[in-house]
Amino acid sequence: MPEKEPTSPVSFIKGLILEDLKTNKYAGRVHTRFPPEPNGYLHIGHAKSICLNFTLAAEFGGLCNLRFDDTNPSREEVEYVDSIKEDVRWLGFDWADREFYASDYFEKLYLFAVKLIGKGKAYVDDQNAEQIRESRGTLTLAGRESPYRNRSVNENLDLFERMRAGEFPDGSRVLRARIDMASSNLNMRDPVMYRILHAQHHRTGNRWCIYPMYDFAHGQCDSIEGITHSICTLEFEDHRPLYDWFLDEIEIYHPRQIEFARLNLSHTVMSKRKLLELVREGHVTGWDDPRMPTLSGLRRRGYTAESVRNFCERIGVAKRDSMVDTALLEHCLREDLNKKALRVMAVLRPLRLVIDNYPDGQVEELDAMNNPEDPAGGTRKVPFSKVLYIEQEDFLEAPPKKFYRLAPGREVRLRYAYFVKCVGVVKDDITGKVVEVHCIYDPATKGGDSPDRRKVMATLHWVSAGHAVPAEVRLYEHLFTKADPAQEEEGLDFKSRLNPTSLEILRSCKLEPSLAGASRGSHYQFERLGYFCVDTKDSEPGKSVFNRTVTLRDEWAKIRRTEQETATARQKTQAPPVETTATIEDFSKLDLRVGVVREASLVKGADKLLKLGVDIGEGRTRQIFAGIRAFYPEPEKLLGRTVLVVANLKPRQMKFGVSEGMILAGTGEGRLGVVTFEGDLLPGDKVS
RNA sequence: UGGGGUGUCGUCAAGCGGUAAGACACGGGCCUUUGGAGCCCGCAUUCGGAGGUUCGAAUCCUCCCACCCCAGCCA
């Protein structure tokens, strides 16, 4: 019995366990298991199950086994068992020496089957898959009994032995339980127990050519391991009568199956099939792409095991289908990282700031706190000089009402440094963009305090230009634009909801020098920006790559967002559609990128469109629809061509799919050509 | 139209006949050398709907409605 009643709200599962403990059903034991099939990587949904099984056992002083459900050699691989073990370990759970495989029990399972045959409860069926399906009946109609259902025990025994011996080809026969072809539960209509599969198994090699089905394996494996509570997801509820039937008929120790609702997370997908599809089709870079909900993806993104565990505890366990908001996961992450992450300064989109009255060549080493949440975290030195970088978005020439960062004539604090006041700007002759900000500083405010109690509206982060460490930073957003991308409507599948801006790569970031030796996987807070970690795969000593794990909560971004929303809402309700003409000023806002055409094809049902796959250096190809078919009747001729892409357009939903950009083209006298050029420009290079 | 489940705030989720916890999100305020963090306040007269039982119902009963799962030799 547990020493104390659990303090957190008792989940219905705990309630059932408490009940069993009270009636002494399992002699006071609680023993669970986490039973993954090694056919894919673990995701956050599995984490829910792992946490549930391991913590439940621990709470009641019991154990939890790790058991691989490897009953189907045709789709399972060692790569997956290795990744699964790594992920469970990373999450912080220990299965000690209790690492089991369903394949460990193949011999025992075979004997159980023989026993059922002996009792007249199982038979060898010579029908093929087609015939079995056809005779199973429907949801409302009973099935038909197989013509082989009443074979003698001896004949069944002989046939089953010969199935094992390899006398028959794949699919020619199966072993079936003899239950009830008229059952309203389809799982009870003589389910298949064994199928013939001449396949190499990752553990048993060629020793077997018949393999048990899930239903015939799972309960018996639980039984063999002495599992008390076999916790699984809702879709197995219908299988419970079968789970119970096998155990009762085989007459062995009987665990209890309990079902709970699997986790759904907003803005992502959780099914292995869909995740595999994203990997195979290159929408992500792999199972561990930081945008994936896989544990390896979350880990690479910078999630901590503690935050994932905490999340799993907070979402609770119940039986109703639900969709948890990703915001909760992010909240758990920030909560954890806020305590742990060292604060540093990094500028993602640099804007030069020159302090006119600061002595040329002077460098000061200023003290900065490593973590204000943890006074014991100490301080470090950060170099300060005349020329600095600040964030582009921290300066606005014409600041709107609620913007209280730097602007002409305005004074702000540079964190840990000085108050500076903007006295001028330098603009690009052609674009008119501000490329440099000039300030004067107040030497009396060294460290960031003003002796005269003068207040500033904002504190900015900065990096000394002469000391900056260059870095690449990858910004991530939700993988999908819709909360529930799996919900199919209007014939659109989940991939049409992929977020075209789920990854943005910034290549000219400037870091404070203390980050020069940051080791792979370490977490930092870039002050005012978010939490970042050193990429475990692509970061090299001289060329560091950081992943944005999650942003900080951002009031200013929220203000902008709501203002934008009300503006577009207003537009929708009143503004009549206007002809828009691009002005030269508007052109400066276009993000023109060099792209290489990787795919090009005709669009069925659209006589003007071509569908292009264009690489603009984002690690994936963008899908772009262009109305240039009349001029490029043979789209394959565009393959490999370098084109000019407008990259910052809002993705447009078209009848045939989402178009994520526009290709620049020129016209002249009934002819049209896309703008192409030669030269050593790389995909993603910016063009102006 | 068969069977198995589930419906409590925008999203999760407690509640088990005695008068709707908590978290996230959201809104407001305080504080602040991160528009971060922290702190404070607000946020379901009502529990899918309709009847009924009861002094009293989200909890018990009846009927209805909605959603999810099941017709793999996948798990």
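Here the structure is a predicted model, which means the values were calculated and not measured.
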*What is the distance, rounded to the nearest whole Å, between atom CG of Leu552(A) and atom P of G36(B)?*
8 Å
*Whole-Å distance between U34(B) C1' and Tyr524(A) OH?*
18 Å
*Would you classify Met323(A) as touching base, sugar-phosphate or nothing, given that sugar-phosphate means primed atoms plus P, OP1 and OP2, and contacts are heavy atoms under 4.0 Å?*
sugar-phosphate
_Looking at Arg380(A) and Glu512(A), is any side-chain nitrogen of the basic one under 4.0 Å from a carboxylate oxygen of the acidic one?_
yes
*Minimum heavy-atom separation for Trp245(A) to Ala177(A), with atom names?*
CZ3-CB, 4.0 Å
*asked:* Under 4.0 Å between a side-chain nitrogen and a carboxylate oxygen: does that hold for Asp367(A) and Lys381(A)?
replied: yes
_Watson-Crick or G-U counterpart of G56(B), or none if no pair lies under 3.5 Å_ = none
*Given that both distances must come in under 3.5 Å, which nucleotide forms a Watson-Crick or G-U wobble pair with C39(B)?*
G29(B)
*At under 4.0 Å between heavy atoms, what does Glu259(A) touch on the DNA or RNA strands: base, sugar-phosphate, or nothing?*
nothing
*Go through the steps to decide whether Tyr101(A) and Phe68(A) satisfy the test ring-ring contact (aromatic ring centres under 6.0 Å, His included), and finish with yes or no.*
CA-CA 5 Å; Tyr101(A) 295 79; Phe68(A) 290 94; 5.0 Å; yes
*asked:* In whole Å, I'd like the distance from the CD1 atom of Ile559(A) to the P atom of G35(B).
replied: 12 Å
*If each of Ala261(A) and Arg415(A) is mapped to the nucleotide of RNA chain B with the nearest heavy atom, which maps nearer the 5' terminus, i.e. the 5' end?*
Ala261(A)
*When you compare C40(B) with C55(B), how far apart are their P atoms, in angstrom units rounded to a whole number?*
44 Å
*Salt bridge check: are Lys446(A) and Glu364(A) linked by an N-O gap of less than 4.0 Å?*
yes
_Taking any heavy-atom pair under 4.0 Å as a contact, classify Lys272(A): base, sugar-phosphate, or nothing._
nothing
_Under 3.5 Å for both donor-acceptor distances, Watson-Crick or wobble: does U62(B) have a partner, and if so which one?_
A50(B)
*Separation of Glu330(A) atom CD from U11(B) atom P, in whole Å?*
18 Å
_U6(B) and A75(B), which share atom name C1', separated by this distance in whole Å_ = 23 Å
*Whole Å only: how far is the CE atom of Met181(A) from the P atom of G2(B)?*
20 Å
*Whole angstrom is fine here: how far is it from CG in Asn370(A) over to P in U34(B)?*
16 Å
*If we take the C1' atom in both C16(B) and C69(B), what is their distance in whole Å?*
26 Å
*Nearest-angstrom distance, C1' atom, A44(B) to A13(B)*: 14 Å
*Expressed in whole Å, how much space separates the P atoms belonging to G48(B) and U59(B)?*
8 Å
*Could you tell me whether Asp190(A) and Arg149(A) make a salt bridge, using a distance below 4.0 angstrom between a side-chain N and a carboxylate O?*
yes
_Under 3.5 Å on both distances, the Watson-Crick or G-U partner of U19(B)_ = none
_Can you check the distance between U19(B) and A25(B), where both ends of the measurement are the P atom (answer in whole Å)?_
31 Å
*asked:* Taking pairing as Watson-Crick or G-U wobble with both contacts under 3.5 Å, can you name the mate of A13(B), or confirm there isn't one?
replied: none
*What integer distance in Å separates Glu555(A):CD from G27(B):C1'?*
11 Å
*asked:* Can you build the contact string for nucleotides 68-75 of chain B? Use B for base contact, S for sugar-phosphate-only contact, and - for no protein heavy atom under 4.0 Å.
replied: SBBBSBBB
*salt_bridge(Arg314(A), Glu335(A)) N-O dist < 4.0 Å*: yes
*Roughly how many Å is it from CG in Asp554(A) to P in C26(B), rounded to a whole number?*
12 Å
*asked:* I want to confirm an ordering. Mapping Val317(A) and Trp556(A) to their closest nucleotides on RNA chain B, which one lands closer to the 5' end?
replied: Val317(A)
_Atom P, compared across U34(B) and G49(B): separation rounded to whole Å_ = 48 Å
_Lys402(A)/Glu555(A) salt bridge by N-O under 4.0 Å criterion_ = no
*Establish, yes or no, whether a centroid distance under 6.0 Å links the rings of Phe311(A) and Tyr303(A).*
no
*Considering just the side-chain nitrogens and oxygens of Arg334(A), establish if one lies under 4.0 Å of OP1 or OP2 belonging to A37(B).*
no
*Which part of the nucleic acid, if any, lies within contact of Pro241(A), taking any heavy atom under 4.0 Å across all strands shown: a base, the sugar-phosphate backbone alone, or nothing?*
nothing
*Hey, does Glu373(A) reach any base, or is it just sugar-phosphate, or nothing, if we go heavy atoms under 4.0 Å?*
base
*Got a salt bridge between Arg133(A) and Glu130(A), using NZ or NE/NH1/NH2 to carboxylate O under 4.0 Å?*
yes
*Determine: side-chain N/O of Arg314(A) to OP1/OP2 of A23(B), distance under 4.0 Å, yes or no.*
no
*At under 4.0 Å, does any side-chain N or O of Arg528(A) touch on OP1 or OP2 of G35(B)?*
yes
*Using purine N1 to pyrimidine N3 plus N6-O4 or O6-N4 for Watson-Crick, or N1-O2 and O6-N3 for G-U wobble, both under 3.5 Å, which nucleotide pairs with C73(B)?*
none
*Can you check G49(B) for me, syn or anti if syn means within 90° of 0?*
anti
*Under the 3.5 Å rule, do the base of U34(B) and the side chain of Arg553(A) count as making a donor-acceptor pair?*
no
*Check every strand shown and say whether Arg405(A) touches a base, only sugar-phosphate, or nothing at a heavy-atom separation below 4.0 Å.*
base
_Glu313(A)/Arg309(A) ion pair, N-O < 4.0 Å_ = no
*Indicate, with a heavy-atom threshold strictly under 4.0 Å, whether Val456(A) touches base, sugar-phosphate, or nothing.*
nothing
*asked:* Regarding Tyr404(A), tell me which of base, sugar-phosphate or nothing describes its non-hydrogen contacts under 4.0 Å with the strands shown.
replied: base
*So, is His331(A) near the phosphate of C24(B), with a side-chain N or O under 4.0 Å from OP1 or OP2?*
yes
*Say you pick atom C1' in U8(B) and the same atom in A71(B); how far apart are they, in whole Å?*
35 Å
_Need one value for Phe311(A): base, sugar-phosphate or nothing, where a base atom within 4.0 Å counts as base even if backbone is also close, heavy atoms only._
nothing
